[in-house]
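Note sheet for the following structure.
Lettering of chains follows the sequences in order, A, B, ..., and the numbering in each one begins at 1.
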2 protein chains.
Amino acid sequence: MTKKPEVSRSTERKRGSGVKMVYDLLRDEILDLVLSPGSPIDEVQLAERFNMSRTPIREALVRLAGEGLIQTLPNRSTMVSNIDYLNVSPYFDAMVLMYRATTRLAAENHRESDLAAIRGHQAAFAAAVQAQDALAMIATNAAFHSAIAEAGRNPYFLALFNRILDEGRRFLRLYYQSYEDRLPQRFVDEHEAMIDAIVARDADTAEQLARAHANQIVDQIRSLLISERRLEIAL
Amino acid sequence: MTKKPEVSRSTERKRGSGVKMVYDLLRDEILDLVLSPGSPIDEVQLAERFNMSRTPIREALVRLAGEGLIQTLPNRSTMVSNIDYLNVSPYFDAMVLMYRATTRLAAENHRESDLAAIRGHQAAFAAAVQAQDALAMIATNAAFHSAIAEAGRNPYFLALFNRILDEGRRFLRLYYQSYEDRLPQRFVDEHEAMIDAIVARDADTAEQLARAHANQIVDQIRSLLISERRLEIAL
DNA sequence: TGTGGATTTTTTGTCGACAAACAGTATACA
DNA sequence: TGTATACTGTTTGTCGACAAAAAATCCACA
């Protein structure tokens, strides 16, 4: 006769699920700026919050540190990584290049089944633009381009691109929280043109469209940064 | 009066150094193919080997898993990641693009102090070619291009490029162990031309040279792969 | 009141132990 | 003989506790 444990922890968990839960949640909280950059992370506090030992918490933190989302000083505090506002050019360079590369590869390597996912995200993006929901625009735009990158089937580009999109999620939210600018409808149209080029397997056109699209985004963010800086100087 | 601990572990270690030691060593052993792809990794065995608990071993393994160097099946064995021989095209695509991007950026952004490091690695590479030491060629070539990437000052490209070079270190070693082909002297000359373009801050030429250089390497590896495959078929 | 050193407090890194999950083997049964 | 189930052994995931390291606090002394 097999006996079940009579006394169980208040919230019973499957064996390996704890780290993933903590990792996913912390990751989301960091990227959504619920945990602001620079804020400290306390292992014991997290352990109490999730009713688990420090060991799985620690493993989740090690993973987050590996992605650069948190920083740990040896023997001392660990905190949410800061956003580097001084060097945005490298970020933009990488972003534009990944837009180009992934869209080109999508035109070359996509399969029929990829298109449904891409079109789905594009519809969600159009809806977000219609609703003027800035946060939804950021999320659906990232999902759209990530789907294109998946269709391109290059794991190296996909990994870097997703990292860039994640950082952008943090980065952009800072500005779209204060400025209720809506992304112009033009972005929706450009997305449509990119889809057409991908479907037609026209790699050159797809890359060219992606490049122009990315530069648009960079220009818009740059103008936001400049006006923000003006504001700071004026104060 | 402060008292020192009379009985210490056989090999005393500083507090946070264990994980780094294990991480560095395992990483090197994996990249140098001392640990062959697919071979299992035993936590307890490593713990005994380094005279430490499983906890720091585990942390090092989590980090390696984050970089994709090892794979862990949940609740079951962890092993060295396999090399994917079927999809080499994505690898080559990423390699060529990173060669181009980093060399271009180095021409634009390098400082005077970067050139010494680059020239030093180039001299080491030339020496390795002279000595027909294939393994040294791989290492010094990677160091040379990594130094160029550092001079380009884009952390996103640098991270991806270093990952690509690492994988190449594993990948290439497989072939240069069996085939004692020496990389042609032409590679040394091409490196020199790239340095000149970087010094002259001629971004277009630097990128063009890097592209041709990378394609050379790709062609050589591809021909090795084909002859290898022929050999397999003949057997 | 200010400063330098000793002391306490807090947080991290490491340890040994235990329990769950899975693989392989043995055993019962048809 | 073949199959399903129980058993055993091995490896992983988690836990509570302790020790080391750095910060914060206290305290003596000028």
Rounded to the nearest angstrom, tell me the gap between atom [atom1] in [X] and atom [atom2] in [N].
| X | N | atom1 | atom2 | value |
| --- | --- | --- | --- | --- |
| B/Glu43 | C/dG16 | CD | P | 15 Å |
| B/Gln71 | D/dT12 | CD | P | 15 Å |
| B/Lys14 | C/dT14 | NZ | P | 13 Å |
| A/Glu59 | D/dT14 | CD | P | 7 Å |
| B/Asn51 | C/dG16 | CG | P | 10 Å |
| A/Asn75 | C/dT12 | CG | P | 10 Å |
| A/Arg15 | C/dA20 | CZ | C1' | 4 Å |
| A/Phe50 | D/dC15 | CZ | C1' | 18 Å |

Per B/Asp42 side chain, nearest of listed nucleotides D/dT14, D/dT11, C/dT14: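 For B/Asp42, the side-chain atoms sit closest to D/dT11.
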A/Ser53, nearest nucleotide to its side chain (from C/dT12, D/dT14, C/dC15):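 Output: D/dT14.
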Touch class at under 4.0 angstrom, heavy-atom based, for B/Leu73 against every strand present: nothing
Sugar-phosphate, base or nothing in reach of B/Ile57, heavy atoms under 4.0 Å: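 Counting heavy atoms under 4.0 Å across all strands, no contact is made by B/Ile57.
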Check: B/His145 ring centroid to B/His121 ring centroid under 6.0 Å: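 No, too far apart.
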Comparing A/Val44 and B/Arg54 on DNA chain C - which has the more 5′ nearest nucleotide: A/Val44
Comparing A/Thr55 and A/Thr78 on DNA chain C - which has the more 5′ nearest nucleotide: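 The residue mapped nearer the 5' terminus is A/Thr78.
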A/Thr102-A/Asn154 side chain donor-acceptor pair, cut-off 3.5 Å: no
Under 3.5 Å donor-acceptor, B/Ser39 side chain and B/Leu35 backbone: no
Minimum side-chain heavy-atom gap B/Arg27-B/Glu67 below 4.5 Å: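 Side-chain contact under 4.5 Å: yes.
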Sub-4.5 Å side-chain heavy-atom contact between B/Met52 and B/Val22: yes
Along DNA chain D (nearest heavy atom to each residue), the more 5'-positioned of A/Arg76 and B/Pro74: B/Pro74
